[in-house]
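Side chains are part of it too, since the values below use all heavy atoms of this structure and drop only hydrogens, waters and symmetry mates. Note that the structure is a prediction, hence the values are computed from the model and not measured.
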Amino acid sequence: MIQGWPLVLRLGSAQTLAWASTYYLPAIIAPAMAQDLGLPVSRIWLAFSLALVVSALLGPLAGRNIDRWGGRPVLILSSGLFAAGLLGLSAARGSTGLVLAWLLLGVAMGGGLYEAAFAALVRLQGLGARASITGITLVAGFASTVGWPLSSLLQAEFGWRWTCVAWAVLHLLVGLPLNAGLPRAEQVGAPLPAATPNGTAPAPSTSTAPAPPHRWTAPLLSFVFAVAWFNSTAMAAHLPRLLMASGLTLAAAVGVAALVGPAQVAGRLLEFGVLRRWHPLLSARLATVTHPLGVLVLVVVGPAAAPVFALLHGAGNGILTIAKGTLPLLFYGPQGYGLRQGLIMAPGRFLQAFAPLVFGAGLERWGNGAFWITGTLAAGAWLALMALHAPGHRPGS
């Protein structure tokens, strides 16, 4: 059982709203927005990329503030900023208003998405937060399932501007109360809850940080998560086209790509069930190898194996989302978690911003040969994780 499941449901619901109204919004409204503003669609995506860059820059600051004050005030502020940014987007009349609104949304994303929620949990639960982190990703894993149909329905009925207004109102009426109901964190320096090394069961109320990890631990983790962000964003933007380049029809490619979402949730259920008995580092290694394995199967077998690739990629990506929260906690402990996690994730956030452009160029040049970009990167991430050793099981160095 997840400790504090009401807290998990509260944070998970708020995260579903945050992701659905930002990360998954442009895919629905970008064409209509571009037409209305008289801009190319690429301008909309460029503004969105700028928002991701801003969120990467502000992630460490948000994490440090969560370390100091707890997640409640940071997440409350993010709800207000989400609403303000969406209202600004609804009122945009040209490039300037568009960019300013997305920059404001980038500020909100820097302190209102998964990293902030994970840090808030760790501030409250310490080393025992692994199961709760998994629970949040299970709930928010349905953000696209909720967000895309709702945005499509609102846009069809009322237009893209009122769609943004509706999401803003939801942040004020739903997201803000959810975040405002979070428990207040203890003062800085108070003992944080502990857990067993695999994060599955609470231990005594006092905690000591793990033994200092090797100096390469943070760079290697940063590389692994940067690869995870790049691959997941590249696949989200280009997977149907990539599958068509492999020989599938449009309808088949869209159908196969739709398997990724359920596979992500299945992977997170696997982590919550079977894999929670494993060490988090072992789960992450398994998750990292699924993408290159899927690429290999697809290349060897051909288009008939496309569903296998989608399921492997989705399941691995779902587990890696959890690893982004649990591995920094495993190696460094709960003290200073928010700032450290923000720093480790920043390169990945930057890379994520440009993943659609970079991978799209590879797709234009090499067709389905672009699979080797993500496959090679994921294989490198697996090697990086193999070079790490869990605290307490690491050779002296």
Side-chain angles (χ1 to χ4, degrees), residues 23-35 37-53 56 95 98-99 102 144 148 223 225-261 263-264 290-314 316-317 320 347-381:
Y23 190 82
Y24 294 110
L25 184 63
I28 302 300
I29 70 171
M33 181 187 298
Q35 183 178 8
L37 296 177
L39 299 170
V41 176
S42 60
R43 192 74 58 84
I44 310 298
W45 287 104
L46 176 60
F48 177 63
S49 294
L50 291 175
L52 294 177
V53 170
S95 289
L98 171 73
V99 170
W102 271 113
S144 61
W148 281 337
F223 169 72
F225 297 142
V227 168
W229 276 121
F230 180 91
N231 283 0
S232 63
T233 305
M235 292 298 103
H238 297 295
L239 185 55
R241 285 181 59 206
L242 193 57
L243 293 174
M244 290 174 65
S246 299
L248 288 156
T249 65
L250 174 60
V254 171
V256 169
L259 295 174
V260 172
Q264 288 184 147
T290 56
H291 181 89
L293 180 61
V295 170
L296 183 61
V297 171
L298 182 59
V299 169
V300 172
V301 178
V308 176
F309 166 80
L311 292 172
L312 285 171
H313 167 74
N317 191 57
L320 281 173
R349 285 296 195 182
F350 278 111
L351 197 58
Q352 178 193 31
F354 301 101
L357 177 63
V358 172
F359 190 79
L363 179 59
E364 291 293 334
R365 182 167 183 176
W366 299 304
N368 68 337
F371 264 126
W372 291 108
I373 299 174
T374 55
T376 301
L377 285 172

What heavy-atom pair brings [X] and [Y] nearest, and what distance separates the two atoms?
{"X": "A228", "Y": "L320", "value": "CB-CD1, 4.1 Å"}
{"X": "P303", "Y": "G247", "value": "CG-CA, 4.3 Å"}
{"X": "L242", "Y": "A370", "value": "CD1-CB, 4.3 Å"}
{"X": "V260", "Y": "A310", "value": "CG2-O, 3.9 Å"}
{"X": "A226", "Y": "P347", "value": "CB-C, 4.4 Å"}
{"X": "L298", "Y": "S246", "value": "CD2-OG, 4.3 Å"}

To the nearest 0.5 Å, atom CD1 of I44 lies from atom OG of S95 at 8.0 Å
Side-chain touch [X]/[Y], heavy atoms, less than 4.5 angstrom:
{"X": "L377", "Y": "F230", "result": "yes"}
{"X": "I373", "Y": "F359", "result": "yes"}
{"X": "N317", "Y": "N231", "result": "no"}
{"X": "V256", "Y": "F309", "result": "no"}
{"X": "V53", "Y": "F354", "result": "yes"}

Among pairs that include at least one residue of residues 362-381, which meet salt bridge (Lys or Arg N to Asp or Glu O under 4.0 Å), considering only residues two or more places apart or in two chains?
R241-E364
From CA spacing to verdict: side chain to side chain contact (heavy atoms under 4.5 Å, CB included), T374, M235
CA-CA 9 Å; T374 55; M235 292 298 103; 3.9 Å; yes
Whether the side chain of S232 engages the backbone of W229 through a donor-acceptor N/O pair (distance < 3.5 Å, no angle test) should be reported.
yes
So W45 and F48, would you call those rings parallel, tilted or perpendicular, with 30° and 60° as cut-offs?
perpendicular
Could you walk me through whether L39 and L98 pass the side chain to side chain contact (heavy atoms under 4.5 Å, CB included) test, one step at a time?
CA-CA 10 Å; L39 299 170; L98 171 73; 4.0 Å; yes
